[in-house]
J.: 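Let me give you the structure first, and then I'll get to my questions.
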Amino acid sequence: MICAASYEARAFGVRAATSVHVARARCPNLILIPPRHDRYSDVSREVMEVLGGWSPIVEQVSVDEAYLDLNGTEQLHGSLEDAGRGIRAAVKSATGLTISVGGASSKLVAKIAAGAEKPNGLTVVAPGSEAVWLAPRKVGVIPGIGPVAQSVLRELDILTCGDLANAPDDHLIRRFGDRGPDLKLLARGIDDTPVDDGGERKSLGREMTLDDDIADPEALETLLLGLVEEVSYSLRSEGLLARTVTLKLKDAEFQSITRQVKLAQPSDLAGPIFEAARALLEKTARGSAYRLIGVSTSDLGEDEQLALFDGAAQARERTITAAADTMRRKYGEDAITRARLLEDE
DNA sequence: TCTGGGGTCCTAGGACCC
DNA sequence: TCTGGGGTCCTAGGACCC
């Protein structure tokens, strides 16, 4: 599948999440480049470091997006335009990358502004002019209004932010419930969520879509074990313990099913997490075929002195796991695996 | 737009308690 | 024996974002 598409490719209808097959059909001269995720992480870190020089409060949203709280930095950086120009120049000189910047009185409007002139743009919305600036734009530019909400709004003849800002409350309440009127605030650019730089991870999981739908319980179990191994290794790498395990399946009709269970004791070991996930799979999968299987952990906490509470079996697993992790760190994550996971390769 | 994989957040319904 | 109203917690599903 396509992770990201150049603007040239986008002109042919190729965009993120397009399958390679479809992409090639739409754009025969497409040039495919294998992703280098480690490289992107490194560069992302460099960019975030530059941003850290412009504000003490930086909220990283994804590998390529961040919010900066510039309140109180006017003496240092000047106006929003000045800061925006400076940030773009600093990132360019540190990494060679061009970026788009949006400046505004809220995260909501700043984000929309950043997207207004891509790539390589700088858009500042003056405080007080948010509603006017937003009015002609499609409601879909508002973060949180996705395809489903857009189609509901379309039925109400609400197409632009201006339409939404002036929509009757009762219509919105009927279709969106209590949060309906809040949408009007968003459409006027009113948003007071703070820039939050203390984001802690809430969940960690892995899932895979299968080439062919699989019904065989044993095959599903083996796939699940592989996923659990990856998840538990990530938990240990991040020093986290999980309390809740969620199994996710998607059937041949694309219906997704989730089942979760709480562990008796938080864990970062494959053994207890797999046992929980396996039990859920046994209860849930009744012989039908599935096209996706995944496992996710949540209710995460910091690593405590967990080993103190281990029973004999877990103490043994912990010892073996520690040795295996040492090998993974030294020779790569694939350096060691379970015999059961080799069979299907 | 025929549908990946990593996440976060919200909602509704039911259990349970006072 | 039947039952109000409110709060909290849990679970499952789904919308949404990049």
Side-chain angles (χ1 to χ4, degrees), chain A residues 1-5 10 12-26 32 34-35 37 40-41 44 47-48 59-67 99-100 107-108 111-112 114-115 118-119 139-153 173 175-180 182-183 186 191 193 196 198-211 213 223 226-227 230-231 233-235 237-238 240 242-263 276 280 283-284 290-300:
Chain A
M1 81 168 214
I2 305 295
C3 294
R10 287 183 209 182
F12 289 84
V14 176
R15 41 188 62 89
T18 309
S19 73
V20 168
H21 182 74
V22 170
R24 277 226 171 89
R26 288 183 188 161
L32 287 169
H37 295 292
Y40 309 150
S41 297
S44 174
V47 172
M48 297 304 155
E59 174 182 349
Q60 183 171 358
V61 182
S62 70
V63 71
D64 69 348
E65 231 181 277
Y67 293 104
I99 60 171
S100 293
K107 281 166 66 170
L108 170 77
K111 178 170 172 54
I112 299 171
K118 280 177 121 176
V139 289
V141 302
I142 299 171
I145 299 193
V148 176
Q150 275 174 73
S151 84
V152 172
L153 289 170
I173 291 171
R175 302 305 298 272
F176 295 98
D178 292 342
R179 71 194 180 98
D182 294 342
L183 297 177
L186 298 181
D191 158 51
T193 56
D196 177 7
E200 299 220 320
R201 175 189 282 289
K202 304 263 171 53
S203 70
L204 193 161
R206 291 279 187 286
E207 63 184 57
M208 63 192 303
T209 296
L210 311 168
D211 294 336
D213 297 357
L223 291 169
L227 294 168
E230 289 181 36
V231 169
Y233 178 62
S234 296
L235 285 172
S237 301
E238 295 192 27
L240 294 170
R243 183 82 200 242
T244 299
V245 176
T246 302
L247 171 75
K248 180 174 171 183
L249 295 168
K250 202 178 272 188
D251 65 22
E253 282 75 47
F254 265 89
Q255 198 67 38
S256 79
I257 305 155
T258 59
R259 294 290 181 269
Q260 63 182 44
V261 68
K262 259 197 162 59
L263 298 175
L280 290 174
K283 269 194 287 189
T284 312
Y290 296 98
R291 95 168 27 183
L292 174 146
I293 184 165
V295 64
S296 179
T297 57
S298 52
D299 246 327
L300 304 178

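For the numbers below, each heavy atom of this structure counts, side chains included, while hydrogens, waters and symmetry mates do not. First the proteins, then the strands, lettered A, B, ... as listed; each starts at 1.
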J.: Side chain of A/Ser203, heavy atoms from C-beta onward: which of B/dT8, C/dC16, C/dG14 has the nearest atom to it?
T.: B/dT8

J.: Can you identify which nucleotide, out of C/dC18, C/dA12, B/dT11, has its nearest atom closest to the A/Gln260 side chain?
T.: C/dA12

J.: Given atom CD of A/Glu207 and atom P of C/dG13, what is their separation to the nearest angstrom?
T.: 15 Å

J.: Has A/Thr297 got a side-chain atom pairing as donor or acceptor with A/Leu204's backbone, closer than 3.5 angstrom?
T.: yes

J.: Could you work out which one of C/dC18, C/dG14, C/dG13 sits closest to the side chain of A/Gln255?
T.: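 When the side chain of A/Gln255 is considered, C/dG14 is the closest of C/dC18, C/dG14, C/dG13.
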
J.: Compare the minimum distances between each of C/dA15, C/dG13, B/dG4 and the side chain of A/Met1, then state the nucleotide with the smallest one.
T.: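 Nearest to the side-chain atoms of A/Met1, counting from C-beta on, is B/dG4.
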
J.: Please examine the side chains of A/Glu207 and A/Lys250, heavy atoms only from C-beta on, and report whether any two atoms are closer than 4.5 Å.
T.: no

J.: From C-beta outward on A/Ala149, which listed nucleotide comes closest to its side chain: B/dC2, C/dC18, C/dC16?
T.: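 My answer, after comparing the listed nucleotides, is C/dC16.
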
J.: Between A/Cys3 and A/Met1, is any pair of side-chain heavy atoms under 4.5 Å apart?
T.: yes

J.: Might you work through the side-chain contact (heavy atoms from CB on, under 4.5 Å) test for A/Val295 and A/Leu247, ending with a clear yes or no?
T.: CA-CA 5 Å; A/Val295 64; A/Leu247 171 75; 5.6 Å; no

J.: For A/Lys111, report the nucleic acid contact type (base, sugar-phosphate, nothing); a contact means any heavy atom under 4.0 Å.
T.: sugar-phosphate

J.: Can you check the A/Glu65 CD to B/dG6 C1' distance for me, whole Å?
T.: 15 Å

J.: Answer with base, sugar-phosphate or nothing: what part of the nucleic acid does A/Ile142 contact at a heavy-atom distance below 4.0 Å?
T.: sugar-phosphate

J.: With heavy atoms under 4.0 Å as the rule, sort A/Gly205 into base, sugar-phosphate or nothing.
T.: sugar-phosphate

J.: Distance check needed: C/dC9 C1' versus A/Asp299 CG, whole Å only.
T.: 12 Å

J.: Please tell me if A/Arg15 has a side-chain N or O lying less than 4.0 Å from either OP1 or OP2 of B/dT1.
T.: no

J.: So which nucleotide from B/dG4, C/dT11, B/dG7 ends up closest to the side chain of A/Thr209?
T.: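 The nucleotide sitting nearest to the side chain is B/dG4.
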
J.: Quick one about A/Thr18 and A/Arg26 (side-chain donor to acceptor, distance below 3.5 Å, no hydrogens or angles considered), yes or no?
T.: no

J.: I need the CZ-P distance between A/Arg175 and C/dA15, as an integer number of Å.
T.: 13 Å

J.: Counting any heavy atom closer than 4.0 Å, what does A/Ser19 reach on the DNA or RNA strands: base, sugar-phosphate only, or nothing?
T.: sugar-phosphate

J.: Paired with C/dC18 by Watson-Crick or G-U wobble geometry, both distances under 3.5 Å: which nucleotide is it?
T.: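 Its partner is B/dG5.
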
J.: Measure OH/A/Tyr40 against P/C/dC18 and give the value in whole Å, please.
T.: 19 Å

J.: Are A/Arg201 and A/Glu238 packed together at the side-chain level, in the sense that at least one heavy-atom pair is separated by less than 4.5 angstrom?
T.: yes

J.: Taking the nucleotide of DNA chain B with the nearest heavy atom to each, does A/Thr18 or A/Lys202 sit closer to the 5' end?
T.: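 Upstream on the strand: A/Thr18.
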
J.: Does B/dT11 have a Watson-Crick or wobble partner in any strand here, with both distances under 3.5 angstrom, and which is it?
T.: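 C/dA12 - that is the nucleotide pairing with B/dT11, both distances being under 3.5 Å.
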
J.: Classify the nucleic acid contact of A/Gln150 as base, sugar-phosphate or nothing, counting any heavy atom under 4.0 Å across all strands shown.
T.: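 The answer is nothing, as A/Gln150 stays clear of every strand by at least 4.0 Å.
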
J.: For A/Ile145, which contact category applies under a 4.0 Å heavy-atom criterion: base, sugar-phosphate, or nothing?
T.: sugar-phosphate

J.: Pick base, sugar-phosphate or nothing for A/Ala16, based on heavy-atom distances below 4.0 Å to the nucleic acid.
T.: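 No contact.
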
J.: Assuming nearest nucleotide by heavy-atom distance, tell me which of A/Arg26 and A/Arg179 is located more 5' along DNA chain B.
T.: A/Arg26

J.: Whole angstroms only, please: what is the CD-P distance between A/Glu253 and C/dG14?
T.: 14 Å

J.: Which listed nucleotide (B/dG5, C/dG14, B/dG4) is nearest to the side chain of A/Leu292?
T.: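 Among the listed nucleotides, the one closest to the side chain of A/Leu292 is B/dG5.
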
J.: Using a 4.0 Å heavy-atom cut-off across all strands, classify A/Arg291 as base, sugar-phosphate, or nothing.
T.: nothing

J.: Output the rounded distance in Å from CG (A/Leu280) to C1' (C/dT11).
T.: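 About 12 Å, once rounded to whole Å.
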
J.: Quick check for you: among B/dG7, C/dC18, C/dA12, whose closest atom lies nearest to any side-chain atom of A/Arg206?
T.: B/dG7

J.: Could you work out which one of C/dC18, C/dC16, C/dA12 sits closest to the side chain of A/Ser62?
T.: C/dC18

J.: How about CZ on A/Arg10, more than 12 heavy atoms from neighbouring residues, nucleotides or ligands closer than 6.0 Å, or not?
T.: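 Yes - once you tally the heavy atoms of other residues, nucleotides and ligands closer than 6.0 Å, there are more than 12.
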
J.: Out of B/dG7, C/dA15, B/dC9, which has the shortest distance to the side chain of A/Leu204?
T.: B/dG7

J.: When the distance from CD of A/Glu230 to P of B/dG7 is rounded to whole Å, what number comes out?
T.: 11 Å

